[in-house]
K.L.:
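Attaching a single structure in structure tokens format; questions to follow.
Just so we're on the same page: letters track the sequence lines, and every chain starts at 1. In what follows, every heavy atom counts, from backbone to side chain, and hydrogens, waters and symmetry copies are set aside.
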Amino acid sequence: MRVSRYHMPTLKEAPKEAELASHTFLLRGGFIRQLAAGIYDFLPLGVKVLHKVSNIVREEMNRKGALEVLLPAVQPAELWQESGRWQHYGPELLRVVDRHKRDFCIGPTHEEVITDLARRDLRSYRELPVNMYQIQAKFRDEIKPRGGLLRGREFIMKDAYSFDADADGARKSYQAMYDAYCAIFRRCGLDFRVVEADTGNIGGSMSHEFQVVAETGEDYVLRCPSCDHTVNQEMAALRGPVDGAASADALGIPPFEPVHTPDQKSVEDVAAFLGVTTSQVVKTLICVADGEPIAVLLRGDHDLSDVKLRRALGATSVELADDATVEKVTGAIVGFAGPVGLKPTASGKKIRIVADHSVNGLCDIVVGANRDYYHFRHVVPGRDFQVEKFLDVRNALAGDPCPHCADGAYSLFRGIEVGHIFYLGTKYSAAMQCIFQDIEGNVKPMVMGCYGIGVTRIMAAAIEQNHDERGIKWPVPIAPFEAAVLALQVADPNVSAAAEKLYADLQAAGVDVLFDDRDQRPGVKFADADLVGIPFQIVAGARDLAEGLVEVKDRRTGTREKVPVGEAAGIVAQRVREAGGQ
RNA sequence: CGGGGCGUAGCGCAGCCUGGUAGCGCGCCAGUUUUGGGUACUGGAUGUCGCCGGUUCAAAUCCGGCCGCCCCGACCA
């Protein structure tokens with residue numbers, strides 16, 4: 001491709017909305033343009049990267065026997081009502097009404113559609129297992145799209161769904177996808193980790209995330225260096241109730257008493273005001289679990305993991321109560337909830353009180369007084385209030401003990417989730433009558449799995465991981481072009497002839513090459529090639545050509561070397577191959 | 001949804017407080033120049049100042065409403 005005939009609108013200055021490297025360079029390099037919040041146009045360069053990633057995904061999926069399909073973006077509400085998600089998905093599901101007043105949604109995922117497809121055409125165990133996938137745009141009406149392609153509302157995803165006759169087969173299907181995903185991300189040149197994850201509202205019983213290691217990632221991941229256990233922070237368990245080991249000696253502690261805390265709402269404020277540490281303040285979070293309010297006690301310096309709470313309670317949904325509920329339950333404005341003297345619920349039942357293990361064994365603590373602008377101090381758990389049970393519900397932190405080995409301690413890193421696989425079981429197949437007959441003639445629901453990869457998110461993640469101040473340093477397999485030829489003085493016949501030959505030779509060698517044949521200053525070409533992130537650049541200029549040389553630059557390492565013109569194409573073709581190019 | 005900010009040329013911004021000719025840099029077009037890391041000079045084109053309404057002789061500027069975008073928080077296969 002010749003730059004003079006290409007559309008590559010690079011920008012010298014970054015649009016002000018871009019904060020992250022990936023967002024900035026994608027915009028500046030002319031890969032994408034924003035159309036609306038979280039919605040982007042893909043320009044020619046962006047599409048090229050998208051295709052390279054998609055092709056890798058496709059190859060690895062096909063290698064595992066998965067079959068490519070293409071499902072509709074617009075889906076009828078009926079299917080979602082069948083699975084129950086029309087009610088449960090919430091405002092993230094973009095719903096539309098057609099001219100006949102029928103309800104539809106723009107698919108945020110395709111479990112319903114694929115399950116419907118499977119139940120119609122798959123009847124016998126002889127036809128299983130089947131794994132079908134597609135690469136297609138999804139829409140999720142995110143509250144807050146951010147970071148360009150990192151969290152858009154419309155994005156491109158590869159989603160696959162497996163159907164097996166039994167759990168054993170389904171586990172094999174799951175493992176095949178696990179392996180395929182590792183191969184895909186490795187081929188994309190990403191530094192990633194496989195992470196144990198929660199299944200969220202998609203359901204199922206086993207799940208792994210594939211996280212690209214990046215400072216700018218939204219997810220927090222804990223990893224134990226001694227046993228390599230790696231898990232999303234929101235569900236990282238802790239080893240035993242070690243926090244509460246110190247036994248309470250309530251004897252010397254005076255009765256609890258109210259203190260006026262007029263302007264102190266946060267734990268930090270209260271601790272500072274009363275001259276105690278934040279770990280001596282116990283915060284009481286009013287949550288709603290499956291519709292019932294529940295009080296959850298946590299040490300002031302800890303955060304709640306709503307995922308761990310949900311799992312510990314065996315609830316299907318857990319959320320923080322809204323202000324009105326908090327006021328009803330505590331009789332005080334938000335910020336002063338405490339375990340002492342909580343009101344019974346509307347139905348007359350006493351509100352349940354649970355606590356994190358770390359609260360066990362604390363004594364002489366500060367808690368909210370369930371009264372506006374008051375706290376209690378010298379409170380002793382067990383003496384002044386009772387806890388129904390102690391649970392592991394706080395977010396694990398770096399340094400916390402790993403539950404899978406005797407002495408390991410978690411370390412923390414941030415990641416960008418680029419893939420997620422779920423062992424679904426029969427959640428959708430049972431709800432939607434996706435059944436088959438086994439060898440004995442029994443009718444059973446199929447055992448499913450689903451597997452997603454954020455294709456557009458890979459683009460962003462790859463940049464977060466591979467860039468410098470000048471621009472992108474694409475890994476060769478997903479770079480928009482593998483090499484560029486920069487003709488520094490197009491008016492000079494020697495230069496243009498040499499550059500044309502290099503261009504032709506590289507093409508003949510199967511290299512995906514961009515030829516900068518514009519009548520521009522050298523600086524412009526260098527800057528654009530670096531910005532756009534072409535891995536290998538051959539610089540053909542009058543100065544070196546006079547000696548029969550051109551310069552070969554490696555964008556990733558920054559090394560430049562002078563080589564004879566005649567050898568340059570061969571050298572670059574060789575390096576492209578070694579780096580995993582086409 | 002709560003808090004904050006922004007909306008003026010393709011991009012980055014000034015002008016608004018204190019109402020009166022719409023500006024700067026980059027980019028773009030023409031020409032000259034330059035030719036190994038965004039060259040210099042000359043000339044030029046480009047704006048419903050986000051939208052609607054109000055105040056006023058006069059509104060980018062003041063007032064009201066709406067819309068859009070960004071950031072923080074809550075949310076999130």
Side-chain angles (χ1 to χ4, degrees), chain A residues 9-20 23-24 27-28 30 33-39 83 85 88-93 107-112 138-148 150-153 155 157-161 197-204 207 209 218-219 232 234 304 306-307 317-323 334 417-422 424 427-428 449-454 457 470-471 486-492 495 518-531 537 539-546 549-551 553 558 560 562:
Chain A
T10 55
L11 264 23
K12 241 188 215 184
E13 286 176 284
K16 64 168 178 237
E17 66 267 22
E19 296 199 323
L20 301 178
H23 196 187
T24 302
L27 250 13
R28 281 192 54 206
R33 288 291 183 259
Q34 178 169 317
L35 182 62
I39 301 179
S83 70
R85 286 159 113 195
H88 292 123
Y89 212 95
E92 207 174 291
L93 182 65
T109 175
H110 282 70
E111 281 80 14
E112 283 79 2
K138 299 273 187 274
F139 194 94
R140 288 181 196 167
D141 199 357
E142 297 275 354
I143 295 171
K144 188 176 128 187
R146 56 169 289 266
L150 262 192
R151 177 172 291 276
R153 291 195 294 170
F155 55 96
M157 175 166 148
K158 186 284 308 178
D159 49 324
Y161 308 86
D198 182 51
T199 52
N201 76 7
I202 200 161
S207 179
E209 289 169 348
E218 293 184 287
D219 290 327
N232 196 303
E234 64 183 12
L304 176 70
D306 53 348
V307 170
S317 87
V318 162
E319 56 196 15
L320 276 178
D322 57 29
D323 290 5
V334 174
E417 180 190 355
V418 290
H420 201 154
I421 59 179
F422 300 84
L424 288 178
K427 172 176 170 164
Y428 294 88
C450 76
Y451 320 92
I453 288 182
R457 192 180 270 185
R470 291 176 179 282
L486 311 188
L488 296 193
Q489 303 87 10
V490 281
D492 182 333
V495 173
R518 292 175 297 178
D519 185 11
Q520 281 286 357
R521 299 221 80 215
V524 174
K525 303 190 182 195
F526 292 134
D528 275 348
D530 287 349
L531 206 212
Q537 301 166 16
V539 181
R543 193 186 68 194
D544 291 338
L545 239 22
L549 300 173
V550 290
E551 189 175 276
K553 174 176 161 181
R560 309 177 198 185
K562 299 201 197 295

K.L.:
Searching all strands shown, indicate the nucleotide that pairs with G23(B) (Watson-Crick or G-U wobble; both distances under 3.5 Å).
P.N.:
C13(B)

K.L.:
At a cut-off of 3.5 Å, list every protein nitrogen or oxygen paired with a nitrogen or oxygen from nucleotides 45-50 of chain B, distance to 0.1 Å.
P.N.:
none

K.L.:
Atom pairs under 3.5 Å, N or O on each side, protein against nucleotides 32-34 of chain B: can you list them with distances?
P.N.:
from: U34(B); atom 1: O2; to: Arg521(A); atom 2: NE; distance (Å): 3.4

K.L.:
Test your reading of the model: is there a side-chain donor-acceptor pair from Tyr161(A) to the backbone of His110(A), 3.5 Å cut-off?
P.N.:
yes

K.L.:
Between C71(B), G27(B), G36(B), which nucleotide gets closest to the side-chain atoms of Glu19(A)?
P.N.:
C71(B)

K.L.:
Scan Leu488(A) against the nucleic acid and name what it touches under 4.0 Å (heavy atoms): base, sugar-phosphate only, or nothing.
P.N.:
base

K.L.:
Measuring from the side chain of Arg28(A) (C-beta onward, heavy atoms only), which nucleotide among G38(B), C69(B), A74(B) has the closest atom?
P.N.:
G38(B)

K.L.:
Does the structure show a Watson-Crick or G-U wobble partner for G7(B), both distances under 3.5 Å? Name it, or say none.
P.N.:
C67(B)

K.L.:
Restricting both atoms to N or O, compile the protein contacts to nucleotides 1-6 of chain B shorter than 3.5 Å, with distance only.
P.N.:
from: C6(B); atom 1: O2'; to: Lys16(A); atom 2: NZ; distance (Å): 3.3

K.L.:
When all nucleic acid strands are considered with a 4.0 Å heavy-atom cut-off, which category describes Glu218(A): base, sugar-phosphate, or nothing?
P.N.:
nothing

K.L.:
Stepwise, does the side chain to side chain contact (heavy atoms under 4.5 Å, CB included) test hold for Gln520(A) with Val490(A)?
P.N.:
CA-CA 8 Å; Gln520(A) 281 286 357; Val490(A) 281; over 6 Å; no

K.L.:
Please list, chain by chain and in numerical order, all residues satisfying side-chain hydrogen bond (donor to acceptor under 3.5 Å, both in side chains) with Asp306(A), sequence neighbours excluded.
P.N.:
none

K.L.:
With respect to the phosphate group of G38(B), does any side-chain polar atom (N or O) of Lys525(A) fall under 4.0 Å of OP1 or OP2?
P.N.:
no

K.L.:
Within the sub-3.5 Å range, which N or O atoms of nucleotides 22-25 of chain B have a protein N or O partner, and how far apart are they?
P.N.:
from: G25(B); atom 1: N2; to: Glu13(A); atom 2: OE1; distance (Å): 2.7

K.L.:
Atom NZ of Lys553(A) to atom C1' of G36(B): distance rounded to whole Å?
P.N.:
12 Å

K.L.:
Could you tell me whether Glu111(A) and Arg85(A) have a side-chain N and a carboxylate O separated by less than 4.0 Å?
P.N.:
yes

K.L.:
Find the partner of C41(B): check Watson-Crick (N1-N3 plus N6-O4 or O6-N4) and G-U wobble (N1-O2, O6-N3) distances, both under 3.5 Å, and reply none if neither fits.
P.N.:
G31(B)

K.L.:
Rounded to whole angstrom, note down the P distance from G37(B) over to G44(B).
P.N.:
32 Å

K.L.:
Given side chain to side chain contact (heavy atoms under 4.5 Å, CB included), test His23(A) with Leu150(A) step by step and report yes or no.
P.N.:
CA-CA 8 Å; His23(A) 196 187; Leu150(A) 262 192; over 6 Å; no

K.L.:
Apply side-chain contact (heavy atoms from CB on, under 4.5 Å) to Ala321(A) and list each qualifying residue two or more places apart in sequence or on a separate chain.
P.N.:
Ile286(A), Val288(A), Thr325(A), Val326(A)

K.L.:
5'-most contact on RNA chain B: Phe526(A) or Gln520(A), nearest heavy atom basis?
P.N.:
Gln520(A)

K.L.:
Under 3.5 Å, is there a donor-acceptor pair linking the side chains of Gln537(A) and Asp530(A)?
P.N.:
yes

K.L.:
Between Arg518(A) and Glu92(A), which is nearer to the 5' end of RNA chain B once each is assigned its nearest nucleotide?
P.N.:
Arg518(A)

